[in-house]
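Here is the structure we will look at.
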Amino acid sequence: MEPDLTGNELEYVTDCIRSNWISSKGPYVARFEEAFCDYLSAPRALTTSNGTTALTLALAALDLKPGDEVIVPDLTFAATANAVMHHGGVPVLVDVSETNWTLEASRIETALTPRTRGVIPVHLYGRPCDMEPIMDLARREGMFVVEDCAEALGAACRGRPVGRFGDVGCFSFFANKILTTGEGGMVVTDREDLAEKMAVLRDHGMDKSRRYWHEFMGYNFRMTSLQAAVGLAQMERLDQIQAARRRIHGLYVEALADLERLEIPAAPPWAEPVCWLFSLRFRGPAAGPTRDRVMASLAGAGIETRPFFHPLHRMPPYAAPPDRFPVSARLSDTGLSLPSGGRLSEADVGRVAGALKTALDEAGESGMATTR
Ligand SMILES: *Cc1c(COP(=O)(O)O)cnc(C)c1O
């Protein structure tokens, strides 16, 4: 999960310092945005201060109002729901698919009410949502779609990249994401009206041609040129960064293939996932306790892992009746992400896989003992 900053990052940041152009007015912001547009074949991309502000900005431009309902998956990072709630909106939690871990059109449909304004599909752990049926439903119902692509830069559905389906695609460049600027984010859109509105709202809502005149109540969600300098250097090597992660993923799949208590879901035929974290889930009796024991024993061996997110419905700000979310609850209790950075060596992956097997054997035996 470590960033790989071995390209032109240092040179470009040094250029910012040497030239004294470090704020959002510096030249790297536009260069990073252009490179991002090229990569996604998007007409407009705007940098933001982080992924959460990207979501918040998109919802502001879509004029989300207090009481408006926005459908979000129960299994996601909390920022997806927080962005809705900071506008006074109501995140309506929906369970995710057992096989792809993401929102599906059929599940979204069950949560529609007269107050539904939109939906935020989250491409979780690098796995794209099946966007075409979601877009069909959104068009039929007149809903906006904001894609949360924070974990899935470069993933695609039927050849089209995520972030290019909805009204706005939102990305995060936090240090553990696929591409990083330390902190940072991006919005992409086809809609000129939204791009213009987001550009103004991002910059205090200030009129572009009349300084200190604020037509809207805006924000300061700008990215600095220092961060964009890192982002541009990362863009130049994005294919390599992705390839390195794919290689790690392949090595794990090979090393763990014969373990019956692990499930590493294959991508559906319409999906091209990217390898953000190498994520798997435990299955069989006592899968949850087994996951916890394996995590603890890997930690003991100095191997840092991450459990899946807590389902939103379990946490105080988003509390909702648990019976509606059996899948996200199961995934959360049994899912685990392994060290996944592209700089891991084959030996590193072998060591993690070996430790996991050992831990699983031990946990398996004690798991059996408690169920007998
Ligand atoms: C990381 C993340 C965000 C928030 O991005 P930040 O840059 O940390 O604000 C939002 N949604 C998801 C799914 C994420 O993983």
Side-chain angles (χ1 to χ4, degrees), residues 1-3 32 36 45-60 70-87 89 91 93-94 96-97 100-103 118-129 131 134 145-155 162-163 165-166 168-188 198 202 219-224 226-228 230-231 234 245 273-279 306-313 315 317-318 328 331-332 335-337 340-341:
M1 301 164 222
E2 281 176 31
F32 180 32
F36 209 79
L46 296 164
T47 49
T48 57
S49 48
N50 58 59
T52 307
T53 55
L55 289 164
T56 305
L57 185 64
L59 295 173
V70 180
I71 294 168
V72 303
D74 186 44
L75 190 67
T76 180
F77 183 63
T80 316
N82 292 345
V84 174
M85 291 166 83
H86 282 301
H87 288 295
L93 307 180
V94 168
V96 296
S97 122
N100 201 49
W101 309 348
T102 53
L103 274 188
V119 57
I120 310 183
V122 179
H123 308 293
L124 197 73
Y125 298 119
R127 309 176 67 84
C129 300
M131 285 308 295
I134 292 176
V145 177
V146 172
E147 291 176 75
D148 184 339
C149 312
E151 303 178 1
L153 174 62
V162 300
F165 289 85
V168 185
C170 299
F171 295 82
S172 163
F173 310 126
F174 182 62
N176 71 356
K177 302 292 160 85
I178 290 169
L179 181 148
T180 187
T181 61
E183 298 278 0
M186 189 85 79
V187 288
V188 301
M198 290 191 288
R202 172 180 70 167
Y219 306 89
N220 178 355
F221 285 168
R222 298 179 310 236
M223 175 184 276
T224 66
L226 283 165
Q227 294 163 304
V230 175
Q234 292 261 292
R245 285 174 178 267
V274 286
C275 308
W276 178 45
L277 303 181
F278 183 79
S279 302
R306 291 269 187 280
F308 277 19
F309 299 122
H310 293 288
L312 292 179
H313 78 266
M315 297 184 281
Y318 328 99
S328 64
L331 285 167
S332 171
L336 187 69
S337 299
S340 311

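Count residues from 1 along the sequence. Just so it is clear, the values below take in all heavy atoms, side chains as well, and ignore hydrogens, waters and symmetry mates. As the structure lists them, so they are numbered: ligands from 1, and atoms in each ligand from 1.
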Working to the nearest 0.5 angstrom, can you tell me the gap between [X] [atom1] and [Y] [atom2]?
X: His86; Y: Thr56; atom1: NE2; atom2: OG1; answer: 7.0 Å
X: Phe165; Y: His123; atom1: CZ; atom2: NE2; answer: 7.5 Å
X: Phe221; Y: Met198; atom1: CZ; atom2: CE; answer: 12.5 Å

Q: Assess His123 for proximity to ligand 1: is some non-hydrogen atom of it under 4.0 Å away?
A: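 False for this residue.
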So which heavy atom in the protein is nearest [atom], and how far is it from that ligand atom?
atom: atom 15 (O) of ligand 1; result: Glu151 OE2, 2.5 Å
atom: atom 1 (C) of ligand 1; result: Lys177 NZ, 1.5 Å
atom: atom 11 (N) of ligand 1; result: Asp148 OD2, 2.8 Å
atom: atom 9 (O) of ligand 1; result: Thr52 OG1, 2.5 Å

If we ignore hydrogens and angles and just use 3.5 Å, is the side chain of [X] paired with the main-chain N or O of [Y] as donor and acceptor?
X: Gln234; Y: Leu179; value: no
X: Asn100; Y: Thr102; value: no
X: Glu147; Y: Gly163; value: yes

Subset of ligand 1 atoms that lie under 4.0 Å from at least one heavy atom of [X]:
X: Ser172; result: 1 (C), 5 (O), 6 (P), 7 (O)
X: Ala150; result: 2 (C), 3 (C), 10 (C), 11 (N), 12 (C), 14 (C), 15 (O)
X: Val122; result: 13 (C)
X: Gly51; result: 5 (O), 6 (P), 7 (O), 9 (O)

Does only the side chain of [X] get under 4.0 Å from ligand 1, or the backbone, or both, or neither? Count heavy atoms.
X: Asn50; result: both
X: Glu183; result: neither
X: Leu124; result: neither

Q. What class does the angle between the rings of Trp276 and Tyr125 fall in, given that below 30° is parallel, 30 to 60° is tilted and above 60° is perpendicular?
A. parallel
Q) Are Phe32 and Val230 side-chain neighbours, meaning at least one heavy-atom pair lies under 4.5 Å? A) no
(Q) Would you say that Trp101 contacts Ser279 through its side chain, given a criterion of any heavy-atom pair below 4.5 Å between the two side chains? (A)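 Contact flag for Trp101/Ser279 side chains = yes.
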Give yes if a backbone or side-chain nitrogen or oxygen of [X] is under 3.5 Å from a nitrogen or oxygen of ligand 1, and no if not.
X: Thr76; value: no
X: Ala79; value: no
X: Trp276; value: no

Q) How about His310: does its NE2 atom have over 12 heavy atoms from other parts shown lying under 6.0 Å from it? A) no
